[in-house]
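Bear in mind the structure is a predicted one, so any value in this text is a computation, not a measurement.
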Amino acid sequence: MSRGPVSSGGAGPKLASSSPPFEFPSYYTRQPFFTVQPVLNTRKKQSQLWGDLIVSYCRHNKIYELNLTEAATSPLFCNTTINRKLSMDGIVTFIDDLVQQGNAEWVDAREKNRVNIFWRKIDHWATLIYKWVSDMGMLGNVLTVWEIQNGENSQGQEFFELDTRVLMKALGVLEREGKAQVFSGTSDENLGVKFFAP
């Protein structure tokens, strides 16, 4: 599971976390929750609950990418208290639903083992970033990707330390909307971004 800003040449995931433990919802202790339900309407509700749990868990732990082989034995999908775990088929099923909703994207669509999790949809990240730039009076100026992710002015913002891949997708949305232009750099973090007034 990858956490924090990740670049193509980055080190492995950070395993330590200083945040308080994640509080699982009450339905996480119910055994049927860990079995894919055969009745369609029940399965839709179950998928929504799993989707909410996956996104909330990843947001809390700042996880941007799940390796399903590793995640299958993690507390997210394995409740040792009631001795239940979600099958790999079930995990893939509910991740597929998240992909359709825009909250996830397969890294390896054929194997379906690695998936990017978006706590917010990409267009929402784009809106947050653009609003921040506008509120800061920085429209018309050039910022680096690093400044957006890690700069002093972005501390306290939801996108502070946002994963590079997610940030680049959000900037791509703003480019397509004519609100930004990305300039080349020596690495993703050194890319320049100019933001335009609407």
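The minimum heavy-atom distance between C78 and Y28, with the atom names listed, is O-OH, 3.3 Å.
Between W50 and F34, the ring planes are perpendicular. Angles over 60° get that label, and only those under 30° would be called parallel. Ring planes of F24 and F22: perpendicular class, angle over 60° (limits at 30 and 60°).
The main-chain N or O of F160 is never found under 3.5 Å from a side-chain atom of S154 such that the two would form a donor-acceptor pair. Distance alone, capped at 3.5 Å, places no donor-acceptor pair between the Q181 side chain and the V193 backbone. Between the E65 side chain and the V115 main chain, no donor and acceptor come within less than 3.5 Å of each other. Of the possible polar contacts, one joining the Q46 side chain to the F33 backbone as a donor-acceptor pair under 3.5 Å is found. No side-chain donor-acceptor contact under 3.5 Å links D108 to the backbone of E111. Using modelled atom types, no side-chain atom of T42 and backbone atom of P38 make a donor-acceptor pair closer than 3.5 Å. Listed for the E147 side chain is a donor-acceptor partner under 3.5 Å among the backbone atoms of T144.
With sequence neighbours excluded, the residues forming a side chain to side chain contact (heavy atoms under 4.5 Å, CB included) with Q31 are I82, R84, listed by chain and number. In this structure K85 satisfies the salt bridge (Lys or Arg N to Asp or Glu O under 4.0 Å) test with no other residue, sequence neighbours excluded.
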Can you list, pair by pair, the side-chain donor-acceptor contacts under 3.5 Å of residues 91-98, counting residues two or more places apart and other chains?
from : atom 1 : to   : atom 2 : distance (Å)
T93  : OG1    : D89  : O      : 2.8
D96  : OD1    : W106 : NE1    : 2.8
D96  : OD1    : K112 : NZ     : 3.0
D96  : OD2    : K112 : NZ     : 3.1
D97  : OD2    : R43  : NH1    : 3.3
D97  : OD2    : S47  : OG     : 2.5

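No option in N41, L40, V39, T35 other than T35 meets the side chain to side chain contact (heavy atoms under 4.5 Å, CB included) test with Q37.
The line from CG of L86 to CG of L76 is 9.0 Å long, rounded to the nearest 0.5 Å. Here the straight-line distance linking atom CG of L143 with atom CG of N153 works out to 8.5 Å at 0.5 Å rounding. Rounding to the nearest 0.5 angstrom, the gap separating the CZ atom in R114 from the CD atom in E70 is 10.0 Å.
Between W125 and F118, the ring centre distance reaches or exceeds 6.0 Å.
We find that K121 and D123 are not joined by a salt bridge, their nearest charged nitrogen and carboxylate oxygen being 4.0 Å or further apart.
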